[in-house]
*Asks:* 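Let me give you the structure first, and then I'll get to my questions.
Worth knowing before you read on, the calculation uses all heavy atoms, side chains too, and leaves out hydrogens, waters and symmetry mates.
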Amino acid sequence: MRRPTRRRSSPTKPSAVRRQIPLPADHNPIPVPKPLNPDGTRRWLVYADGASRGNPGPASIGAAVFDERGQEVARVSRRLGRATNNEVEYQAAIAGLEAALGLGGGEVELRMDSQLIVRQLEFRYKVRNPRLIPFFNRLLELKRQFSVFAVKHVPREQNTRADELANLALDRLEDDTA
């Protein structure tokens, strides 16, 4: 004798799908990214760039801080007055790291298109210019405040957001003086 087969409901049938309760119209949860590190610290990616039209000349800085999801969470776009290209590169890195520190610290990777600054931070080049030494020392202080610090040289094409922010501030400076 043949046994009757039982019909099983599949999850695609409407009877098996759970009914969802609609959320109130004013429900707008703020997504909080989960830290990627087991100790609860965050990871930040900082792009920094300086702009100087003339060396020295009118100068500005730009920096963008991104979280582990690739979302821009902080930005700096500030004019500085008159400075050299290396001075503004250092000041952009400082401003970007200070912004990341203000977001809670943790791990940070600093990316810049200034090969000189990157190699000085890697201790591959010495800081010989006395005007750059205070900036270098400030970066070392900031570096110690992160649980992990990395610095990476990137081509200019990969540093467009920081460059855009620096030039935006520089263009505002020129508009004010015109």
*Asks:* About how many Å separate CD1 of Ile117 and CD of Gln91, when rounded to the nearest 0.5 Å?
*Replies:* 10.5 Å
*Asks:* Quick check: closest heavy atoms across Leu103 and Ala74, and the distance to 0.1 Å?
*Replies:* CD1-CB, 4.0 Å
*Asks:* Determine whether a donor-acceptor pair (N or O, by modelled atom type, separation under 3.5 Å) exists between the side chain of Ser77 and the backbone of Leu165.
*Replies:* yes
*Asks:* Decide whether Tyr47 and Arg111 meet the rule of one side-chain donor and one side-chain acceptor closer than 3.5 Å.
*Replies:* yes
*Asks:* Identify whether the distance between the nearest side-chain nitrogen and carboxylate oxygen of Glu68 and Arg43 falls below 4.0 Å.
*Replies:* no
*Asks:* Give a yes or no answer on whether the side chain of Glu109 reaches the backbone of Val151 with a donor-acceptor pair at less than 3.5 Å.
*Replies:* no
*Asks:* Do side-chain atoms of Trp44 reach the backbone of Gly105 as a donor and acceptor pair under 3.5 angstrom?
*Replies:* yes
*Asks:* Got a sec, which pairs hit salt bridge (Lys or Arg N to Asp or Glu O under 4.0 Å) with one end in residues 81-102, sequence neighbours left out?
*Replies:* Glu87-Arg131, Glu98-Arg138
*Asks:* Check the pair Val148 / Val108 against side-chain contact (heavy atoms from CB on, under 4.5 Å), numbers first and verdict last.
*Replies:* CA-CA 6 Å; Val148 175; Val108 69; over 6 Å; no
*Asks:* Going by heavy atoms in the side chains, are Val73 and Phe66 under 4.5 Å from each other?
*Replies:* no
*Asks:* To the nearest 0.5 Å, what is the distance between CG on Leu45 and CD on Glu72?
*Replies:* 11.0 Å
*Asks:* Same cluster for Leu101 and Phe135 if Ile/Leu/Val/Met/Phe/Trp/Tyr side chains link at under 4.5 Å?
*Replies:* yes
*Asks:* Report the distance from atom CZ of Arg79 to atom CG of Asp171, rounding to the nearest 0.5 Å.
*Replies:* 11.5 Å
*Asks:* Kindly indicate whether the side chain of Asp67, heavy atoms from C-beta on, has any atom under 4.5 Å from the side chain of Arg42.
*Replies:* yes
*Asks:* Any idea how Phe123 and Phe136 line up, ring-wise: parallel (<30°), tilted (30 to 60°), or perpendicular (>60°)?
*Replies:* perpendicular
*Asks:* First locate atom CZ of Phe149, then atom CG of Leu140, and finally report the distance between them rounded to the nearest 0.5 Å.
*Replies:* 8.5 Å
*Asks:* For Asp113 and Asn159, indicate whether the former's side chain and the latter's backbone hold a donor-acceptor pair under 3.5 Å.
*Replies:* no
*Asks:* With a 4.5 Å limit on heavy-atom distance, are the side chains of Leu121 and Leu110 in contact?
*Replies:* yes
*Asks:* With a 4.5 Å cut-off on side-chain heavy atoms, are Leu97 and Phe146 touching?
*Replies:* yes
*Asks:* Could you verify whether a donor N or O on one side chain and an acceptor N or O on the other, from Arg53 and Asn85, lie under 3.5 Å apart?
*Replies:* no
*Asks:* Determine yes or no for a side-chain-to-main-chain donor-acceptor pair under 3.5 angstrom, with Ser52 supplying the side chain and Thr84 the backbone.
*Replies:* no
*Asks:* Quick one: CG on Asp49 to OG1 on Thr160, what's the gap to the nearest 0.5 Å?
*Replies:* 10.0 Å
*Asks:* Please report the closest heavy-atom contact between Gly50 and Ala92, naming both atoms and the distance.
*Replies:* N-CB, 4.1 Å
*Asks:* Would you tell me whether Asn167 and Asp163 have side-chain atoms, one donor and one acceptor, within less than 3.5 Å of each other?
*Replies:* yes
*Asks:* What are the two closest non-hydrogen atoms of Ala100 and Val46, and how far apart are they?
*Replies:* CB-CG2, 4.0 Å
*Asks:* So that I can tick it off, tell me whether Glu141 and Arg144 are bridged by a salt bridge, with the cut-off set at under 4.0 angstrom between side-chain N and carboxylate O.
*Replies:* no
*Asks:* Ignoring hydrogens, what is the shortest heavy-atom contact between Val118 and His153? Give both atom names and the distance.
*Replies:* CG1-N, 3.8 Å
*Asks:* Walk me through it: do Leu80 and Val88 pass the test side-chain contact (heavy atoms from CB on, under 4.5 Å)?
*Replies:* CA-CA 8 Å; Leu80 298 177; Val88 294; 3.7 Å; yes
*Asks:* Going from CZ on Arg75 to CG on Leu168, what distance comes out if it is rounded to the nearest 0.5 angstrom?
*Replies:* 10.0 Å
*Asks:* What are the two closest heavy atoms between Ala51 and Leu170, and how far apart are they?
*Replies:* CB-CD2, 3.9 Å
